[in-house]
A.B. asks: 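I have a structure here, written as C-alpha cells, and I will follow up with some questions on it.
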2 protein chains.
Amino acid sequence: MRRPTLEEVAAAAGVSKMTASRALRGAADVSKETITRVTQAAERVGYVGNRLALSLSSRRTNLIGVVVPSMSNIVFPEVLAGISEALEGTGMQAVFGLTDYDPGKEREVIRNMLSWRPAAMIVTGLDQPEETVKLLKQADIPVIQIMDIDGTPIDYCVGLSHTAAGEEMGRALLAEGRRKFGYVGSRLDRDQRASRRKAGFERALAEAGLRFSLEKVGDQVSSAVLGKRLTMALLAERGDLDCIYYSNDDMAAGGLFACIEHGISVPGTILLAGFNGLELTDALPAAIATSYSPRREIGRTAASLALRALSDAGENQERMVVLSPRLSLGR
Amino acid sequence: MRRPTLEEVAAAAGVSKMTASRALRGAADVSKETITRVTQAAERVGYVGNRLALSLSSRRTNLIGVVVPSMSNIVFPEVLAGISEALEGTGMQAVFGLTDYDPGKEREVIRNMLSWRPAAMIVTGLDQPEETVKLLKQADIPVIQIMDIDGTPIDYCVGLSHTAAGEEMGRALLAEGRRKFGYVGSRLDRDQRASRRKAGFERALAEAGLRFSLEKVGDQVSSAVLGKRLTMALLAERGDLDCIYYSNDDMAAGGLFACIEHGISVPGTILLAGFNGLELTDALPAAIATSYSPRREIGRTAASLALRALSDAGENQERMVVLSPRLSLGR
DNA sequence: ATGAAAGCGCTAACAG
DNA sequence: CTGTTAGCGCTTTCAT
C-alpha cells in the first residue's frame, strides 16, 4: 500500500488539501478545531510529509550540503558534530559527502549534492579547482569554506591560517631553545593544510638560520601507528634531534610512544609538537606541544554563517571568520 | 537568473524534453548524434539535474538514511566511511543523522529522514522504542540495524553480540590467571552495547565465582582523559587489582597512561582490556587487550545488505549477519 | 478561515 | 529513435 498523501489526510479530516497543509504546518488563519481534526487524521493514517514534493513545489530545501575529505581521524567528525549542533532546532538538515582528498571525487560529490538543490554548501578548504568553484558559483547559494583562510573565499570562510599556525609553533619551539629539528608527516601532496603548516614552520626556522635536519613523510593515512614507525626511523638515522614537528597530533602521539619505548625523555631530551589539540593529548603520559584548532567551533560557525546568509541579515556579515589556534607547549 | 531546466537544455539542443532526458541518462535507443548535441547543450548552459523533480516523478530516491548516535569517537565515523565506500559507484547516496544517544532525538531524526523517502534506512542498534520501530516499519523500506545482534531485527542486522564479546574477554582474562578485577566505564545508561559487554564479562566472572572488586562509571562522554581520571581514582581505592576491564579502547588507553605515570607495569602487574580494537592500541607503549570490532566492515556490509534488499535478490538473503570480534590480549 | 486552479521539473507510459 | 500526455505530492496564488 502506498504511503498516505496529504490528500488522504484531508479526506479523512473532511477538509481540502490546502487546509490540511496549512493546519499541519501550523499556519495562522486556521481554526483551532480544524488543526486538531487534521492533526489527528494525520496521526491516524500515519502520515509522513513528502519533502520531495514540498521542496519542488516551494522551490526551497532545508538541506545544507557539507563536503569533507576524510573520516579517518576525529577532526572532521567533530566539525560535523558542530554543524549538526548549530543546525538543531532550525529545521535545516546537513547532508554529508566524503572526498578522500581527491579533487575529482570532490567535484562529483558537489555536483551530486547540488542536484538536491541545497540551500547552502559547506566545503573544506579554499583550494578547489576552477571547475569546482564554477559549479559552486553557478549554484547561486551561499558557500562556506571551512578549516582554512589562506586564500580567497568564494563567499564566506571560517578557519585559521595554517601557515601562521606552523610559523607560530616554530617560533615558540625556537624560543624554548630547541635547535635540531626533525619533521614527520604523511601525504603532504594531498593534505594542503598540513603542508602549509610545515611551510610556516620552515619559515620560522629559516629566520633563525635553521632547517629540518631530517624529514620522514609517509604515504598512508596519518595515524599513531604511522607516527610511531616514522619516528623510529627518524631516531635511528639521527640521534641528535631535540625537537620533532608532526603533521598532526595523531602522528605526534605515535612519536611519543616511540620515545617512551626508547626510554627517551619527553620533553626533556626531545620535544614533540603536533597540531589539532586533540583531547587525547591531555591524557598522554608526557607533555607534547600542539596548536588547538577549534574544530567544533568551526562547524558551529560555518552553520551559523550559512543560516545568517540565508536570512536577510546575510548582506552585512563578515565574509571571513578567523579563529586563532591556541598554542600549548604541554602541561 | 533561475537555474536552467531540462526544458531549456532541450530547446538549446533542438529536441524534446523527453529526448533530452533520455540522452542525459544515457538511455538506450537514442542516436549517438542526439546524445552529443544534448550533452553539449547541457554543458553549455551549465545544467545540473534536479533530483527533487526526478525523485518525485519516478517515485524513488537514491538516498540511504543512516542514523548513528555519536561522532565523538572514531567508531561511527569509520562505520560511515565503510558505508560511503560500499555505496561508491552505485549511484546511491548516504544521508547521515545524529541522535546523541537520545531516543527522542532518534525518533525525530528518523521521521525527518523518512520525509525524504529514502530507499532504505540504516540505524544503530536493535533497541529502538516501539514507536520508532512502527515508524520504520510503516515506511515499508529495507531497514538495516547495525552494530548489535542481541535482539530481534526489524528486517536485517549486521554486527556482533556484545554480551558474547564481554563474556569471551572475561573468560580469556581468567585463563590468563587474573583474579582481581576492576571496571571503568561511562554513561552505561545510554550506551546499551557497552553495558551488555559489561554484563557478559560479569557472567564470565560469576562462573568463576568472582565479581568486580570495584567499578568506576563516569557520566561524561568516554575518552582517554576520562579513562585516565577514573583509573587513577580506582587505583587509589584498590591497590590490589590485577586486571581492569574498560567500556572501550579510548578509556583503556587513558587507563594505560595512568598506569605509566604511576610506574605500574602493564600488563605485568595489571592487565588492561578495552573494546573496539582501535588502530591506536597497536601504537601504545604497552600491550592492552581488546576485541577488534569490524566497524568499517559493518558499514560496508550494511550498505551491501541495503543494496541487495533493493534489488530483486533481496528475498533470499540472510537477515542477520553475525561478525565475530577478534580478541587480542596484546602484542 | 477555507478552497480551486496552476505548476514546481522531471519521468512513466504510451504512441508513432 | 523521438514525441505527447499525464501525473508525482505538495505549495503558491488568487478567490471566496
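In what follows, chains are A, B, ... by sequence order, proteins preceding strands, each numbered from 1.
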A.B. asks: Can you sort out the partners of A:T5 under side-chain contact (heavy atoms from CB on, under 4.5 Å), two or more places apart, ordered by chain and number?
C.D. replies: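 With sequence neighbours excluded, A:T5 shows a side-chain contact (heavy atoms from CB on, under 4.5 Å) to A:R2, A:E7, A:E8, given in chain and number order.
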A.B. asks: Would you please name every residue forming a side-chain contact (heavy atoms from CB on, under 4.5 Å) with B:E85, sequence neighbours left out?
C.D. replies: B:R296, B:R300
A.B. asks: Treating primed atoms plus P, OP1 and OP2 as sugar-phosphate and everything else as base, which nucleotides of nucleotides 6-16 of chain C get B, S or - for protein heavy atoms under 4.0 Å?
C.D. replies: -BBBBBBB---
A.B. asks: What residue pairs, at least two apart or across chains, pass side-chain hydrogen bond (donor to acceptor under 3.5 Å, both in side chains) with a residue in residues 58-79 of chain A?
C.D. replies: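 side-chain hydrogen bond (donor to acceptor under 3.5 Å, both in side chains) check on residues 58-79 of chain A returns A:S70-A:S72, A:N73-A:D250, A:E78-A:R295.
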A.B. asks: Verify the contact: side-chain N or O of B:T34 to OP1 or OP2 of D:dC1, cut-off strictly under 4.0 Å; return yes or no.
C.D. replies: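 So the side chain of B:T34 is outside the cut-off, no N or O lying under 4.0 Å from OP1 or OP2 of D:dC1.
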A.B. asks: Go through the structure and list residues passing side-chain contact (heavy atoms from CB on, under 4.5 Å) with A:P129, not counting sequence neighbours.
C.D. replies: A:P103, A:E106, A:T132
A.B. asks: Sequence neighbours left out, what passes ring-ring contact (aromatic ring centres under 6.0 Å, His included) with A:F96? Give chain and number order.
C.D. replies: B:F96
A.B. asks: Walk me through whether B:V45 and B:V9 qualify under side-chain contact (heavy atoms from CB on, under 4.5 Å).
C.D. replies: CA-CA 7 Å; B:V45 302; B:V9 175; 3.8 Å; yes
A.B. asks: Rounded to the nearest angstrom, tell me the gap between atom CD in A:E8 and atom P in D:dC8.
C.D. replies: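 Between P of D:dC8 and CD of A:E8: 11 Å.
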A.B. asks: When the C1' atoms of the five terminal pairs at each end define the local axes, what inter-axis angle does the helix from C:dA1-D:dT16 to C:dG16-D:dC1 show, to 10 degrees?
C.D. replies: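 One end's axis against the other's: 30°.
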A.B. asks: Answer yes or no: does a side-chain N or O of A:T19 lie under 4.0 Å from OP1 or OP2 of C:dG3?
C.D. replies: yes
A.B. asks: Please enumerate all residues that pass side chain to side chain donor-acceptor pair (under 3.5 Å) together with B:D100, with sequence neighbours excluded.
C.D. replies: B:K105
A.B. asks: How would you list, by chain and number, every residue that makes a salt bridge (Lys or Arg N to Asp or Glu O under 4.0 Å) with A:R196, sequence neighbours excluded?
C.D. replies: A:D127, A:D148, A:D150
